[in-house]
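Structure first, commentary second.
We're numbering straight along the sequence, starting at 1.
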Amino acid sequence: MMSLLEWRDEFRIGIDEVDHEHQQLIGLINALHAALAAERSPERIEAFLGEIYARISAHFALEEKDMQARAYPERPAHKADHERLLDDLRDIMDEVHDQGV
C-alpha cells in the first residue's frame, strides 16, 4: 500500500530534533492509514488517534519552547495554530469514540 504522506526535504526546518519528530509523526500517520485499510476496528483507531494526539502534543511543546528561546515573533500565532489543530484532533477522537467507527 502506498503511504498517505511522504517525507520531503522541503519539510526540513533546520532544527534536527524537530525535523526528526516531523518524520516520526508522518510515519505514525502512515501507520494509521495502513491500519484503517487493513482493519477498521474502533479500538485500533482510537489507540492510533490517542498516540498521534500524545506525540503531536509533545512535539508542539518542543516547538513552542524552541520558538520562545529564539524569541520567534510569530510564536503567539503559531501557538494558536497548534491549539486549533489539537482541538480539531480532540473533536475527531470524540467523534470516533461516540460513533464507534
Discussion item. Please verify the inter-ring angle class for Tyr72 with His78; under 30° counts as parallel, over 60° as perpendicular, anything in between as tilted.
Written reply: perpendicular

Worksheet entry | Spacing of NE2 belonging to His22 relative to CZ belonging to Phe11, to within rounding of 0.5 Å | 10.0 Å

Discussion item. Grouping I, L, V, M, F, W and Y whenever their side-chain heavy atoms are under 4.5 Å apart, do Ile26 and Val18 come out in a common cluster?
Written reply: no

Worksheet item: Between Ile56, Asn30, Ile52, which is the residue that forms a side chain to side chain contact (heavy atoms under 4.5 Å, CB included) with Leu25?
Response: Ile56

Discussion item. Is the shortest side-chain heavy-atom distance between Glu83 and Lys79 below 4.5 Å?
Written reply: yes

Worksheet item: Any idea which heavy atoms bring Ile13 and Asp19 closest together, and the distance?
Response: N-OD1, 2.8 Å

Item to complete: Is it possible for you to say whether Ile15 and Trp7 belong to one hydrophobic cluster, with membership spreading through side-chain heavy-atom contacts below 4.5 Å?
Response: no

Fill in: Salt bridge Arg70-Asp66, side-chain N to carboxylate O under 4.0 Å
yes

Worksheet item: Among the clusters formed by ILVMFWY side chains lying less than 4.5 Å apart, do Ile92 and Ile29 turn up in the same one?
Response: yes

Discussion item. With heavy-atom distances below 4.5 Å as the criterion, would you say the side chains of Arg90 and Leu86 are in contact?
Written reply: yes

Item to complete: Take Glu63 and Arg75 through the side-chain contact (heavy atoms from CB on, under 4.5 Å) test and state the conclusion after the steps.
Response: CA-CA 9 Å; Glu63 275 191 8; Arg75 187 176 70 84; over 6 Å; no

Worksheet, complete the sentence: The reported gap from NE2 in His20 to CG in Leu62 (rounded to nearest 0.5 angstrom) is 11.0 Å

Item to complete: Report yes or no: does Ser41 contribute a side-chain atom to a donor-acceptor pair with the main-chain N or O of Arg44 at less than 3.5 Å?
Response: yes

Practice prompt. Would you mind checking if Asp87 and Arg84 are paired as a salt bridge, meaning a charged N to carboxylate O distance below 4.0 Å?
Written response: no

Worksheet entry | Side-chain heavy-atom pair Glu64, Gln68 within 4.5 angstrom cut-off | no

Worksheet entry | Gap between atom CZ of Phe60 and atom CD of Glu21 - 0.5 Å precision | 10.5 Å

Discussion item. If I take atom OG from residue Ser57 and atom CG from residue Leu89, how far apart are they, to the nearest 0.5 angstrom?
Written reply: 8.0 Å

Discussion item. Please evaluate residues Arg55 and Glu51 with respect to the criterion side-chain contact (heavy atoms from CB on, under 4.5 Å), reporting the C-alpha separation (whole Å), side-chain torsions for both, the decisive distance (0.1 Å), and the verdict.
Written reply: CA-CA 6 Å; Arg55 290 211 195 167; Glu51 181 69 18; 2.7 Å; yes

Practice prompt. Consider only side-chain heavy atoms of I, L, V, M, F, W and Y, link residues closer than 4.5 Å, and tell whether Val96 and Leu4 are in one cluster.
Written response: yes

Worksheet item: For the atom pair CG (Asp94) and CG (Asp98), what is the distance rounded to the nearest 0.5 Å?
Response: 6.0 Å

Discussion item. Does atom CD (Gln23) have a neighbourhood of more than 12 heavy atoms from anything else shown, all under 6.0 Å?
Written reply: yes

